[in-house]
Amino acid sequence: MTDQRFNPLAADKRWQARWSESRVFEADDASSKPRSYVLEMFPYPSGRIHMGHVRNYTMGDVLARFRRMQGFEVLHPMGWDAFGMPAENAAMEKKVHPGEWTRANIAAMRSQLKTLGFAFDWSRELATCEPNYYGQEQALFIDLFEGGLVYRKESAVNWDPVDMTVLANEQVIDGKGWRSGAPVEKRKLSQWFLKITDFAEDLLAGLGELKAWPDKVRLMQENWIGKSQGLQFHFALAEPQDDIATVEVFSTRPDTIFGASFVALAADHPLTQKLASQNAALAAFAEECKAGGTTAAELETMEKKGFDTGLTVTHPLDPDWQLPVYVANFVLMDYGTGAVFGVPAHDQRDLDFARKYDLPVKRVVSDGEEADALFAGDEAYTGPGKVVNSAFLDGMTIEDAQKAVIARADTEGWGKAQTTWRLRDWGVSRQRYWGTPIPIIHCDGCGPVPVPKDQLPVVLPEDIDFETPGNPLERHPTWKHVDCPKCGKAARRETDTLDTFVDSSWYFLRFASQPDDRPFDPEVVKQWLPVTQYIGGVEHAILHLLYARFWTRALASIGKLDFAEPFESLFTQGMVTHETYSIKHFSMAGPLDDDGQPIAQITYYPPDEIERNKDGAFLIEGGKELNIGRIEKMSKSKKNVIDPDPIIEQYGADAVRFFMLSDSPPERDLPWSEAGIEGSWRFVQRLWRLFISVAEAADAPAAEDKPLNRKLHQTIAGVADDIEALSFNKAVAKIFELVNLIEKSAPSADRNDAIRTLARIVAPMVPHIAEEAWALLGESDLIADAPWPKVQESLLVEDEVTIAVQVRGKLRDTLTTAKGSSKDQLEALALASEKVQRSLDGAEIKKVIVVPDRLVNIVI
RNA sequence: GCGGACGUGGCGAAAUGGUAGACGCAGCAGACUUAAAAUCUGCUAUCCGAAAUGGGUGUGCGGGUUCGAGUCCCGCCGUCCGCACCA
């Protein structure tokens, strides 16, 4: 007799070994089948997988397995985004080499992933920290360098004083380092940049083609690229300052040019600096501006401040009109030209500024009601309207006036149409050890020289000191001392390493093709790319996804690839969340507020230390009641993290996978609960009981069960659609409905067939029990290799339908009738209903709406 | 401030403009059992009603379009996310 319970402990391991031995999930480059590349964002090897990984990879796995069953040659790889700061922190704290730490973490996480039975092609596993990966990355870097897409410039960079490294703009959040949280300082350093701005227009336009990306992500990238079109022009200084005779400004609103009342310069504008060198008060003001914070709260409350330089400029359209020149704290040097002209009536910042310094406020756009030049109030008008009080522009729409001003500036030579981008070039230099060495040698005679490709990879030295802060490569006694590859004289190796986002900008290419002697074979890459379905967290909506799009385009532009977009379809999944449990307490020994009263201290408790029931949450030890906080992202600080390992051990991989797919739509957050995983466990056992019932009662009556058959085929079709749309929660619901019906159905040959088919329907989600069942049912091949069941189309249509009968839009009755009944028949049936007659109560019928096979609505 | 998403039972959620609450969780009642676990059966939006194969109400709030609105439109409120002195 077969075991009455499914035992995942034994089964999981057995099937995982079978899959591995038979190499079923290894993708074949030479296959003649249609291709499908299913990719989940590869993890950073922090040491342990978390529930977010489990959810992410389960989704990808279901799709990958499903596509295999549908006859695709599937590439579903896994690897490690293995460079980065945490390894160096570990080196400093635990005195372990970053490589050793990272490789141990990879080994631990790999075996964790294997316990979940993911259908990965492990033969293509890669880690970005290994020379065979980063050496090829160096080759690509040199290609881009030679293609003119890499340059070096001295620039003010974001310096993280804690991590002691440069950060990209994208890595500065609210003026703080994205990793360390330390306030970022400005420093001048020579840095390597990638010309992502060359592709700004392209990256923006390409978003329009990414139909299978979430709108949200496309919008975020669009905003990040930040295209603004307008007029760039110059004002002539009334008194030129040495070599500076004009002030260049950019505006998206040239239509308001007659509303100008001042010109404002950034604190670090060249003219400001020139003036400040002769004016201590201005120098002090400029310093003050630079010291200003950049956090949301500070910007919200920061006052608009200015410093009158005493200079004036001439209005380009009126030689008799002089405008004062201020230095203002709200003008940014790194956007546009670092100078603006202020139009107070139609820009809120300008208005705040003008009111404060008592400058003229002139209306030049009418909202249709008021048109006089005097503008009252403290709220700028930025809406649509006609231009007024503006000489030759009067009466024009805003759009026409913009064109007219641009045309005039162009003819008269004082300005021209200009597009300005928010996007900056990508600074990729990092003063860190644990990253890809930048393959450049600095020679006093030849300048920066790329390392010859036959000398790649430039390998990181192993003997490294982490005792002192800063870049260990810089301090290494010998590593940087090399001869110039060009002239042979003594030279210095670049000691900066590449931003780790470079590593993740092309790993999907290397998965598709990984020859030893070059980064990838374009012919093989072409067969797999673009990635059919990419799945990951929305936190990568800008950084990683924009860089990867850029890198792919950059390679295409130098002829290394012949496609521009790496990810055809993108899905951003929600987080796994959990309730928090805490106690608030006050203590005079703790921190006090301004009045000397203790500030509330909150202590969080992990879920495994509490007993949760309908009355609340209680500490297991002592029974103290805890405050149940809101459901939020699992985090160490809130102690609401559930470690997947013990859960997998207790319930098996299938129950965990199934829970990850149930209930919540995949793009939304999934609240983890003990009850939820229990439910999935029970479902796995229900499946098992069905499977053994067939195995043990093969001699079922040869009877037909049409309703069950119908449901089966509707489920085959429905689940396929849902998986294809990644609507796993809906697929799960359909499977439940089928299982409920099978359980209720009397034994029959059809019932047995339904159960055999059920094994294949659930195989992508719960592959271990599906394999076990497949073997139990007498199959010798793997269910992983079985085809997705074929839908019998004729069974999808019902031959009876339920018609809703409404009176004045309110449901009064339902009636069952043959599908395809005529409108007259339906109307007659509806009117014959006793309930309808009661509801009509003799009222006169004005109209009857009949939707065939759907409803009848009687209007009175 | 700008941009976006979302708001449905005790909870997670379904619902091409056409029977709101499928499916799951939790809960309640019952069966089996010496007992428990497991399993099975039934009920479970809400109000009125003893009950009905009775009626009312109901998808954040207020309007509108429509024979018919959770779904479309307008205006609020709330929650979450992204960007942020971007000229």
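Values below: every heavy atom of this structure, side chains too, minus hydrogens, waters and symmetry copies. To find a chain, count down the sequence lines: A is the first, B the second, and so on, and within it residues start at 1.
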Quiz item: Going by a 90° cut-off around 0, is B:G78 syn or anti?
Solution: anti
Quiz item: Between A:His346 and A:Phe375, how do the two ring planes meet: parallel, tilted or perpendicular, split at 30° and 60°?
Solution: perpendicular
Self-check item: Rounded P spacing from B:U71 to B:C61 in Å
Solution: 11 Å
Quiz item: For the ring-ring contact (aromatic ring centres under 6.0 Å, His included) test, which of A:Phe341, A:Phe307, A:Phe330 pairs with A:Phe353?
Solution: A:Phe330
Quiz item: Taking OP1 and OP2 of B:U39, is either one under 4.0 Å from a side-chain nitrogen or oxygen of A:Arg686?
Solution: no
Practice problem: Quickly work out the A:Glu743 CD to B:G42 P distance and round it to whole Å. | Solution: 11 Å
Quiz item: What closest approach, in Å, do A:Val365 and A:Gly383 show between heavy atoms, and which atom pair accounts for it?
Solution: CG1-O, 4.3 Å
Self-check item: Check: B:C23 base within 3.5 Å donor-acceptor of A:Lys734 side chain
Solution: no
Quiz item: How long is the span from the CZ atom in A:Arg657 to the CZ atom in A:Arg55, to the nearest 0.5 Å?
Solution: 14.5 Å
Exercise. In whole angstrom, give me the gap between the C1' atoms of B:U65 and B:A14.
Key: 26 Å
Quiz item: Under the side chain to side chain contact (heavy atoms under 4.5 Å, CB included) test, which residues partner A:Arg838, sequence neighbours left out?
Solution: A:Glu834, A:Lys835
Exercise. Can you measure from CD1 (A:Ile755) to CG (A:Leu738) and round to the nearest 0.5 angstrom?
Key: 9.5 Å
Practice problem: Kindly say if A:Ser662 contacts the phosphate of B:G12, meaning a side-chain N or O under 4.0 Å from OP1 or OP2. | Solution: no
Quiz item: Looking only at side-chain N and O atoms, does A:Asn857 come under 4.0 Å of OP1 or OP2 in B:U66?
Solution: no
Practice problem: Could you list by number each residue of residues 257-265 of chain A showing a heavy-atom separation from RNA chain B of less than 4.0 Å, or answer none if no residue does? | Solution: none
Quiz item: Is the A:Phe262 to A:Tyr357 ring centre distance short of 6.0 Å?
Solution: no
Quiz item: Between A:Lys846 (NZ) and B:G68 (P), how many Å, whole number?
Solution: 11 Å
Quiz item: Regarding A:Arg5 and the six-membered ring of A:Trp688, is the cationic atom NZ or CZ under 6.0 Å from the ring centre and inside 45° of its axis?
Solution: no
Quiz item: Is any side-chain nitrogen or oxygen of A:Lys730 closer than 4.0 Å to OP1 or OP2 of B:A15?
Solution: yes
Quiz item: Is any side-chain nitrogen or oxygen of A:Arg682 closer than 4.0 Å to OP1 or OP2 of B:A26?
Solution: yes
Quiz prompt | Any A:Arg838 side-chain N or O less than 4.0 Å from OP1/OP2 of B:G54 | solution = no
Self-check item: Integer angstrom distance from the P of B:G60 to that of B:G7
Solution: 8 Å
Quiz item: For A:Glu737 and B:A15, what is the distance between atoms CD and C1' respectively, to the nearest whole Å?
Solution: 12 Å
Quiz prompt | Short N-O contact, A:Arg689 and A:Glu743, less than 4.0 angstrom | solution = no
Quiz item: Reckon A:Arg812 touches a base, only the sugar-phosphate, or nothing at all at heavy-atom distances under 4.0 Å?
Solution: sugar-phosphate
Exercise. Verify the contact: side-chain N or O of A:Arg689 to OP1 or OP2 of B:A38, cut-off strictly under 4.0 Å; return yes or no.
Key: no
Quiz item: Starting at the 5' end of RNA chain B, what dot-bracket string do you get if Watson-Crick and G-U pairs under 3.5 Å are bracketed, crossing pairs use [ ], other-strand pairs use | and unpaired bases use dots?
Solution: (((((((..(((.....[....))).(((((.......))))).((((.....))))..(((((..]....))))))))))))....
Quiz item: Which heavy atom of A:Asp255 sits nearest a heavy atom of A:Ala401, and at what distance?
Solution: CB-CB, 3.6 Å
Quiz item: What interatomic distance, in whole Å, is found between P of B:A69 and the corresponding atom of B:G62?
Solution: 15 Å
Quiz item: For B:U19, does either OP1 or OP2 sit under 4.0 Å from a side-chain N or O belonging to A:Arg854?
Solution: yes
Self-check item: Phosphate OP1/OP2 of B:A14: any A:Asn729 side-chain N/O under 4.0 Å
Solution: yes
